[in-house]
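Before any comments, here is the structure.
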Amino acid sequence: MNQEPEPRSDLVGFSIDLTVEEARRRAEVVAALGPDWDPVAVLREEEKAHALLYSGLDAEQQRVHAMLVAAGVLPGEGPGRASSA
């Protein structure tokens with residue numbers, strides 16, 4: 001007859017703080033973007049692309065767009081959006 005092995009009681013719990021590793025990872029990402037990376041310009045271009053994407057909508061498309069914004073599916077204007085200024 002096969003007996004189930006008893007659970008091990010000699011296991012030791014431990015924890016790892018990944019804060020330093022996360023900071024290193026973020027620094028590497030920023031370094032990989034290079035010195036010419038301009039986050040403000042990127043956000044402005046993203047805003048222009050968003051405006052172009054949703055320009056020229058007919059009335060029904062505008063209604064659906066407004067419904068999706070209200071439902072939180074699409075971002076609306078306001079906080080969290082790049083400024084087109």
Side-chain angles (χ1 to χ4, degrees):
M1 178 178 238
N2 247 347
Q3 289 186 349
E4 294 283 325
E6 291 187 26
R8 293 183 58 161
S9 61
D10 59 343
L11 298 178
V12 177
F14 69 95
S15 65
I16 299 174
D17 183 0
L18 296 176
T19 306
V20 173
E21 182 59 26
E22 179 62 13
R24 187 200 62 77
R25 185 195 66 79
R26 289 180 183 192
E28 291 295 330
V29 168
V30 172
L33 291 170
D36 297 329
W37 180 61
D38 183 357
V40 174
V42 170
L43 290 174
R44 286 190 180 131
E45 291 302 316
E46 184 177 302
E47 182 64 25
K48 287 179 188 176
H50 182 269
L52 183 60
L53 179 64
Y54 295 109
S55 67
L57 299 179
D58 64 29
E60 175 63 11
Q61 291 167 330
Q62 288 176 355
R63 184 190 68 75
V64 171
H65 180 265
M67 180 182 68
L68 293 172
V69 168
V73 175
L74 292 175
E77 301 301 320
R81 291 292 307 271
S83 172
S84 58

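Only a predicted model underlies this, so the values are computations on that prediction, with no experimental measurement involved. Numbering of residues begins at 1 and proceeds along the displayed sequence.
Residues Phe14 and Leu18 fall within the same hydrophobic cluster, defined by Ile, Leu, Val, Met, Phe, Trp and Tyr side chains chained together at heavy-atom separations under 4.5 Å. Val42 and Val30 fall into different hydrophobic clusters, where Ile, Leu, Val, Met, Phe, Trp and Tyr side chains are chained together by heavy-atom contacts under 4.5 Å. Clustering ILVMFWY residues whenever any of their side-chain heavy atoms sit less than 4.5 angstrom apart, transitively, puts Trp37 in a cluster other than the one holding Val40. No single ILVMFWY cluster, assembled from side-chain heavy atoms under 4.5 Å apart, contains both Leu43 and Val29. If you chain together hydrophobic residues whose side chains sit under 4.5 Å apart, Leu52 and Leu57 never meet in one group.
Here the CG-CG distance, from Asp38 to Leu33, works out to 11.5 Å after rounding to the nearest 0.5 Å. To the nearest 0.5 Å, atoms NZ (Lys48) and CD (Glu45) are separated by 4.5 Å.
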Residues Arg24, Glu21; criterion salt bridge (Lys or Arg N to Asp or Glu O under 4.0 Å); working and verdict: CA-CA 5 Å; Arg24 187 200 62 77; Glu21 182 59 26; 2.6 Å; yes
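Arg63 pairs with exactly one of Gln61, Glu60, His65 by the side chain to side chain contact (heavy atoms under 4.5 Å, CB included) rule, that one being Glu60.
The existence of a salt bridge linking Arg25 and Glu22 is confirmed by a sub-4.0 Å separation between a basic side-chain nitrogen and an acidic carboxylate oxygen.
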